[in-house]
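Quick caveat: nothing in here was measured; it's all calculated off a predicted structure. Below, chain A is the first sequence line, B the second, and so on; all start at residue 1.
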Amino acid sequence: MTDPAPLGRADVAHVAALARLSLTDDELERFTGQLARVIEHARDVAALDVGDVLPTSHALPIRNVLRPDEPGPCLERDVVLAQAPETEDGRFKVPRIVGDAP
Amino acid sequence: MSGWETVVGLEVHCELRTRTKLFCSCRNAFGDEPNTNVCPVCLGLPGSLPVLNEQAVELAMRIGAALGAEVRPSTFHRKNYFYPDMPKDYQISQYDEPINVGGHLDLPDGSRVGIVRAHLEEDTGKTSHVGRAGRIHAADYSLVDYNRSGVPLVEIVSEPDIRSAAQARLYAAELQRVLVATGASDGRMEEGSMRVDANVSVRRAGSPVLGTRCEIKNLNSLRSLRAAVEFEAARQVVLLEAGDRVAQETRHWDEQAGRTLAMRSKEEAFDYRYFLEPDLVPLEPDPAWRDRAAAAVGMLPGARRSRLAGLLDAPGPSQADQIEALIDQGLDDLVVVAVAAGAPAALAMARAANELASSMEAAVAMDGGAFAALVVLEGQGRLTATQSKAVLAEMLASGGGDPVAIAAAKGFESLPDDALRDVVGGVIEANPQEWSRLCGGEDKLTGFFTGQVMKATGGKADGKAVAAELRRRRG
Amino acid sequence: MSDAAPLSAVQMAAAVRAGERTAADLVDESLARIGRRDGEVHAFLHVAADEARAAAAEVDVMAAAGRDPGPLAGVPVALKDNLCTRGLPTTCASKILQGWRPPYDATVVERLRAAGAVVVGKTNLDEFAMGSSTENSGFGPTRHPRDPSRVPGGSSGGSAAAVAAGYVPVGLGSDTGGSVRQPAALCGTVGVKPTYGVVSRYGLVAFASSLDQIGPITTCVADAAVVLEVIGGHDPRDSTSLAGPPPRITEALGRGVDGLRVGVCRELVDGTAPDVAARVAEAAEALASSGASVEEVSVPEMRYGLSAYYLIAPAEASSNLARYDGARYGLRVDAEDVAGMNTATRTAGFGAEVKRRIMLGTYALSAGYYDAYYGKAQRVRTLLIDAFARAYARVDVLVGATAPTTAFPLGDRVDDPMAMYMSDVCTIPSNLAGHPAISVPFGEGDDGMPVGVQVLAPALHEERMFQVAAVVERAAHQRSGSPQGGRS
Ligand SMILES: [Mg+2]
Ligand SMILES: [Zn+2]
């Protein structure tokens, strides 16, 4: 098994951007060190040869959990909008959107 | 554009006609007051969890059956990206194990387009942009309504088998008919029930290599689809012929300007970080359910088309158009019933396609037996074409009725045979020169004499009987 | 503690149902104890005094009318603040959710209320349940009730401290990698992580969805059994909820361990502090002298648990926590455009540990690293489940330490995430496998702080696990010379 490259500042800057977090230079430095240590520890797992082992995402084998197509109660709009930072015309107001949904 | 080939693959998002949303029991309805069909689940409130709607699975399997896809055990993934119309900032969608794999769609022109997959996923909310011109890039702010958030979608991805803008339109139109036939969709593009993304590239004719493609997002009418593909292919050819290259990008269709525009995307890497949705479990519909879903698919447009064509000896081009019109209008069953009751097929088709289509609502409610009886009367020559149309108009206006009684009330009875003979004799006497020319072989004068007879009888004469009498007299 | 030992939940409910005590009194006493001490301990983020008094009054009305108010009649409970409560603040100890009041109750909260329990408030936690000391709270740490210079463990440190301080007999926590059991052990209380799917997660604010389970923290095993019976059982709102009736556990408590095979799990003893290891050995001896056959068992794959966990849990968390974007609820920090607003909000609203885990999880899932990290961790999970199955072919339950050490001083591990993560090394394997585990207090360490012994069982064998836990508890009481422990 090939070892993945060690985690560096550029990786942390990249994932911070993907996760919509902004980091100061100091934070970037500190987080890089901390995350690198965790990833370093995870190398025992990364190095394992488990090619023929199936992944487990659900610990228990449940299947076909379905709901009948019957309408149920919705929330009151006032209740929903009361929690919002900003609203207008019964809708959630957000700053302008630059760029489209992918 | 000569020497170039257009290559198109389409991704069609189809909203499913369920009563509730994909993962919650909020109503799946179009046009309600904003943010009234919402709950913790479809608002992505902390702590809420999705539970899969059984009927959405059923409808997805029907779509699979209609497209000849393989219905498979499937799973849901999370597609992670930030966008304010998506309340969880991830979309639950099927990824590497979709419910329907493979299949194809046969188009009315005889071509076949391969289907890659048709998978289940959730719709987003609806964003409206407020401010300068209401346009997305110039907006001051945006407003979000989550009524549509979580509405079930099936995304149908075609192979890049489409070779022209016209064929792209044909594919989308035929898919729309298929979706309606399955009962999965109302096919209303203007309400967003069906939305099309087109992947367009061009290449030198005969080249086996695909060119760089652009994706045109959210085409919401068949007309825009055709126009957008046409424009985009031409744009790419101009670039390539000038020695430039096509940039792989997502583009908008600007309906007003009639052109595609590159979207001003934020400098942002998209990495969806797909992983198996841990809040849902695998879906493995048993064979009995899959069979039930397949059996629930209505008659597909292809089958309807060949059923009508099969009623005719050799359909001509205008009849092919009639067949398309009848299927689109849902009048083909009426024709089949009429023919089974003894009506001549071509006549039944013509009356349904022309007369009934003018008053669709009444036509759809028309009693098959009454329509059949009318076409039979006309076929037997007991009503003339003019009379038949008048009776049909009356039936449509009054919401039905017995064609025999309506004809009698209008005084439509065909001329007795001896009376017809007298009228024909009189017309020949009044036009001796024309008669000798007809007898001399000038066949087109048949029309002249038929017209004269009709005039003399006030339209009561049957055209076929007139022709027969003229032939008899010519000897 | 200055107060006389308060009643257990079972005793309280019995008294209320018999008309000997009123729920109103019990709740007032609970509120009074909170008022006296919680300035120092800081177990609660929000005390819902008015709502609690109103709920207690309802229970009393029911009891007076001769109707049964339920198996937890009048019992004051403390809820970890990542459980949604209708109309009550639910913050996850995060500034990003400050002021948010959910429009709905979590399923467990509904069930507790229906059983007559009275919610007295919401307890502190490591922000979004990410931590092992409750120091990562956005609203200040919780202190150990027995020694305020130490941490109560975490992330359910507030609920564990609330029970240990005698405020309430029952707290609910959530356990993703040990967040119920580890603070229970550090605080000297009982803590249960049920089989994944036994307790509905609906209304539990997600940290790592495939690992999260809600569990009780109580003063005694019998109370934990009753609470689990109340909150467990199928919920159609959670797709991962197991079908079938709620678990039946209480009957098993008196069965003893005669003939049961107990495995002392080497990986849950090696590497723990000597005083902790000594208590585990004593508990094993006690089980042996109660009739169990005890042997040493090794599950070597447990050694990969920590690594697998710190890839899987952050990965799921990075996705679960994306929704805190400032658009619909909670904090918003304004900016020019929506992406800027998302970033400003998340940067201001999340604490350092949450940011670390979001970035770690984003990394583990990102293109190019998925196979090496997340994909690999999921396969290791399979290895671990298989290894457990081999162990359970030999023994009925496994025992070991709950935490490697007793409660540590505040500030000791905050700057060293890896050291903090090691606190969960003994509890993580059960989450990865989806198996149940319970921590039972068993004596003290050299520092006088409580030690917890952990009993692990195969999936859905809660009954057997409680059967063994009850014997461990009895032995612990005998060891400390407490007559019957004064409880249950
Ligand atoms: Mg899609
Ligand atoms: Zn909903």
Side-chain angles (χ1 to χ4, degrees), chain B residues 23-25 35 38-53 76-92 125 127 129 136-137 139-144 146 149 264-283, chain C residues 82-84 90 92 97 100 102-107 128 197 200-206 208-212 235-241 312 315-316 318-330 337-339 341-343 346 361-370 374-375 378:
Chain B
F23 298 120
C24 65
S25 56
N35 294 307
V38 293
C39 74
V41 177
C42 58
L43 280 172
L45 294 189
S48 64
L49 295 171
V51 185
L52 183 59
N53 181 344
F76 290 88
H77 273 64
R78 290 187 186 175
K79 180 182 185 179
N80 295 286
Y81 63 94
F82 284 89
Y83 210 73
D85 63 11
M86 209 169 47
K88 304 183 292 298
D89 289 297
Y90 56 80
Q91 181 195 32
I92 303 177
T127 310
H129 307 288
I136 184 164
H137 299 313
D140 293 329
Y141 58 90
S142 298
L143 298 174
V144 196
Y146 293 102
S149 160
R264 194 162 58 102
S265 249
K266 227 180 142 61
E267 216 34 58
E268 195 164 15
F270 284 115
D271 179 346
Y272 296 127
R273 290 158 282 135
Y274 280 102
F275 73 103
L276 205 64
E277 166 57 282
D279 289 331
L280 292 169
V281 301
L283 178 63
Chain C
N82 59 354
L83 293 166
C84 287
T90 300
C92 298
L97 270 178
W100 184 58
Y104 73 107
D105 274 335
T107 296
F128 284 102
S200 168
R201 294 182 294 118
Y202 192 78
L204 164 66
V205 180
S209 313
S210 78
L211 304 168
D212 296 341
D235 179 10
R237 287 177 293 189
D238 176 358
S239 303
T240 62
S241 161
I312 292 169
E316 293 181 9
S318 70
S319 173
N320 283 328
L321 270 65
R323 70 191 66 192
Y324 307 104
D325 60 9
R328 292 161 297 276
Y329 45 80
D337 62 32
V338 81
M341 182 275 281
N342 295 157
T343 304
R346 292 165 62 78
T362 304
Y363 181 74
L365 286 176
S366 63
Y369 295 108
Y370 181 96
Y374 188 73
Q378 298 280 48

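- B:R78 has its side chain within reach of C:S209: a pair of non-hydrogen atoms, C-beta onward, lies under 4.5 Å apart.
- The minimum heavy-atom distance linking C:R323 with B:G44 is given by the pair NH1-O, 3.0 Å.
- Of the two parts of B:N80, only the side chain, counted from C-beta on, holds a non-hydrogen atom closer than 4.5 Å to a non-hydrogen atom of chain C.
- Using a 4.5 Å cut-off between heavy atoms, C:D212 does not touch chain B at all.
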Under the criterion side chain to side chain donor-acceptor pair (under 3.5 Å), I'd like the reasoning laid out for B:R273 against C:Y374: C-alpha separation, chi angles, the key distance, then a yes or no. CA-CA 10 Å; B:R273 290 158 282 135; C:Y374 188 73; over 6 Å; no

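- With a threshold of 4.5 angstrom between heavy atoms, C:N342 approaches chain B through side-chain atoms but not through N, CA, C or O.
- Within the 4.5 Å cutoff, side-chain heavy atoms of C:R328 are placed close to those of B:Y146.
- Considering only heavy atoms from C-beta on, B:F275 comes within 4.5 Å of C:Y370 through its side chain.
- If you tally non-hydrogen atom pairs under 4.5 Å between each of B:Y141, B:Y272, B:Y274, B:Y90 and chain C, the highest count goes to B:Y90.
- Using a 4.5 Å heavy-atom cutoff, the side chains of B:C39 and C:Y104 are not in contact.
- No side-chain heavy atom of C:S319 sits less than 4.5 Å from a side-chain heavy atom of B:E277.
- Expressed to the nearest 0.5 Å, how far CG of C:D238 lies from OG of B:S48 amounts to 11.0 Å.
- Contact detail for B:V51 and C:S239: the closest heavy-atom pair is CA-OG, 3.5 Å.
- Contact annotation for C:S200: neither backbone nor side-chain heavy atoms come within less than 4.5 Å of a heavy atom of chain B.
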Stepwise side-chain contact (heavy atoms from CB on, under 4.5 Å) test for C:N320 and B:K88: CA-CA 8 Å; C:N320 283 328; B:K88 304 183 292 298; over 6 Å; no

Between C:R237 and B:C24, does a side-chain contact (heavy atoms from CB on, under 4.5 Å) hold up when you go through it step by step? CA-CA 9 Å; C:R237 287 177 293 189; B:C24 65; over 6 Å; no

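- At a 4.5 Å heavy-atom cutoff, C:P102 makes no contact with chain B through either its backbone or its side chain.
- Using a 4.5 Å cut-off between heavy atoms, C:A367 contacts chain B through both its backbone and its side chain.
- Scanning all heavy atoms of the two residues, the minimum distance from B:P278 to C:R201 falls at O-NH2, 4.1 Å.
- In terms of heavy-atom pairs under 4.5 angstrom with chain B, the leader among C:S210, C:G203, C:C84, C:A327 is C:G203.
- Taking chain C as the reference chain and counting heavy-atom pairs below 4.5 Å, the highest number among B:L45, B:V41, B:L280 is found for B:L45.
- Here OG1 of C:T343 is found 7.5 Å from CZ of B:F82. Values are rounded to the nearest 0.5 Å.
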